[in-house]
Amino acid sequence: MRRGSCFIWILSLVLTFASAPGLAELHNFRLIPDESQIVTKLKDPFGGIVNGSLRIRQGEARGDIDRLQEGGSVTLVIDTASYNSNIGLRDQDVHEYYLEVQQYPVIRFDSTGIQKIERPRTPKDPWQITVRGRLVLHGAQREVLVPLRLLYQAKKIIAQGNLRLVLEDFNIKIPTLLFLKAGNQVDVDFRIVGERQP
């Protein structure tokens, strides 16, 4: 009788601790470069829009879906030499004179917290999240806020959003052509896919 009640007491204690918020399950996601996309838009000196793309080299996201604000994090490394606008001479200039890929081979983002979070109404709806983090680009480090929509599936996450960066904030020269200057702002649209790790 004593053994039975002792066993039940221990079992209830174990179940209580296993379901405690502090012991919630932490999920790790490896970002998938081939399924992710980063697109840039910049005004050229004649007022047109130059579309370019960049490739993720590596990255990961971590967090407990029930406690994202307390412990969610993301790290992203982007290959600067992957910049491609489908115009060879332009891309060569961007690599050599503006991104200076030999000296600055990567762009890096490390989150420092989650500023805002809105849970979805249904499992099919996205989370609305604003991530705060450090962006290192062209040797300069700046804090940025990144609003995004996050879809959470059984084995994958998909984050989509956009932000605007000012080139001068990162010591990047403004492209010129025949004494005409291009825009000083670049719009970045992204779709980043991560796969849950065992």
Side-chain angles (χ1 to χ4, degrees), residues 11-43 49 51-79 82 84 106-137 141-166 169-170 183 185-198:
L11 183 61
S12 66
L13 189 63
V14 168
L15 290 174
T16 301
F17 276 109
S19 62
L23 299 177
E25 188 177 1
L26 189 67
H27 301 297
N28 292 306
F29 293 86
R30 180 181 52 82
L31 304 186
I32 307 171
D34 289 340
E35 295 184 31
S36 301
Q37 185 179 32
I38 298 175
V39 175
T40 62
K41 296 179 182 180
L42 175 73
K43 282 188 180 178
I49 299 295
N51 292 308
S53 64
L54 288 158
R55 183 175 167 82
I56 293 173
R57 183 181 285 186
Q58 65 187 45
E60 66 175 6
R62 302 180 67 199
D64 167 18
I65 200 68
D66 294 318
R67 303 182 66 187
L68 279 180
Q69 204 146 11
E70 290 87 352
S73 67
V74 63
T75 297
L76 192 63
V77 179
I78 300 164
D79 184 3
S82 69
N84 179 18
V106 298
I107 300 166
R108 185 178 178 99
F109 176 80
D110 293 288
S111 66
T112 56
I114 294 179
Q115 180 123 338
K116 180 184 174 184
I117 186 166
E118 290 180 27
R119 291 177 173 270
R121 294 182 180 180
T122 72
K124 292 184 179 180
D125 292 332
W127 295 63
Q128 303 289 334
I129 299 174
T130 300
V131 178
R132 183 176 64 252
R134 288 185 301 270
L135 179 65
V136 179
L137 167 59
Q141 179 177 292
R142 297 286 181 270
E143 185 175 273
V144 295
L145 293 175
V146 185
L148 58 88
R149 299 172 303 285
L150 179 71
L151 278 172
Y152 177 75
Q153 301 169 346
K155 293 187 177 181
K156 284 189 176 180
I157 53 171
I158 301 171
Q160 293 179 283
N162 54 70
L163 72 155
R164 176 170 285 179
L165 302 174
V166 177
D169 288 347
F170 296 93
Q185 297 178 329
V186 59
D187 291 319
V188 181
D189 296 323
F190 59 85
R191 182 181 186 273
I192 297 170
V193 180
E195 185 173 37
R196 187 173 171 182
Q197 300 301 290

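Computation of the quantities below employed the complete heavy-atom set of this structure, encompassing side-chain atoms and omitting hydrogens, waters and symmetry-equivalent molecules. No experiment lies behind these values; they were computed from the predicted model shown. Count residues from 1 along the sequence.
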With sequence neighbours excluded, residues passing side-chain contact (heavy atoms from CB on, under 4.5 Å) with V166: E168, D169, N184, Q185
So that I can tick it off, tell me whether D110 and R134 are bridged by a salt bridge, with the cut-off set at under 4.0 angstrom between side-chain N and carboxylate O. no
Which residues pass the side-chain contact (heavy atoms from CB on, under 4.5 Å) test with Q37, not counting sequence neighbours? V39
What's the separation between atom CG in D79 and atom CD1 in I38, rounded to the nearest 0.5 Å? 10.5 Å
Compile the donor-acceptor pairs under 3.5 Å between side chains in residues 189-198 and protein atoms, sequence neighbours left out, one pair per line.
residue: R191; atom: NH1; partner: E35; partner atom: O; Å: 3.4
residue: E195; atom: OE1; partner: R30; partner atom: NH2; Å: 3.3
residue: R196; atom: NE; partner: H27; partner atom: ND1; Å: 3.2
residue: R196; atom: NH2; partner: E25; partner atom: OE2; Å: 2.9
residue: R196; atom: NH2; partner: H27; partner atom: ND1; Å: 2.9
residue: Q197; atom: NE2; partner: E195; partner atom: O; Å: 3.0

Where do P126 and P120 come nearest, in terms of heavy atoms and distance? O-CB, 3.7 Å
Is the backbone of V74 close enough, under 3.5 Å, to the side chain of S111 for a donor and an acceptor to pair up by distance? yes
Using a strict 4.0 Å threshold on nitrogen-to-oxygen distance, state whether D125 and R149 make a salt bridge. no
Non-hydrogen atoms of V186 and T40 that approach each other most closely: CG2-CB, 3.8 Å
Looking only at atom types and distance, does a side-chain atom of T112 sit under 3.5 Å from a main-chain N or O of R132, one as donor and one as acceptor? yes
For S53, all residues meeting side-chain contact (heavy atoms from CB on, under 4.5 Å), sequence neighbours excluded: N84
From K41 atom NZ to I49 atom CD1, the distance as rounded to the nearest 0.5 Å: 8.0 Å
Kindly compute the distance separating CD (E60) from OG1 (T75), expressed to the nearest 0.5 Å. 5.5 Å
Here the pair of heavy atoms bringing R55 nearest to D34 is NH2-OD1, 2.7 Å
Evaluate F109 against I78 for side-chain contact (heavy atoms from CB on, under 4.5 Å), listing each step before the verdict. CA-CA 9 Å; F109 176 80; I78 300 164; over 6 Å; no
Do other residues, nucleotides or ligands put more than 12 heavy atoms under 6.0 Å from the CZ atom of R62? no
Would you compute the distance between atom CG of L165 and atom CD1 of I107 and round it to the nearest 0.5 angstrom? 9.0 Å
Report the distance from atom CG of L151 to atom NZ of K156, rounding to the nearest 0.5 Å. 12.5 Å
Mind checking the CZ-CZ spacing from R108 to R57? Nearest 0.5 Å is all I need. 11.0 Å
The salt bridge (Lys or Arg N to Asp or Glu O under 4.0 Å) partners of R142 (sequence neighbours excluded) come to none
Could you tell me which residues satisfy side-chain contact (heavy atoms from CB on, under 4.5 Å) with I117, sequence neighbours excluded, listed by chain and number? L68, Q69, I114, W127, I129
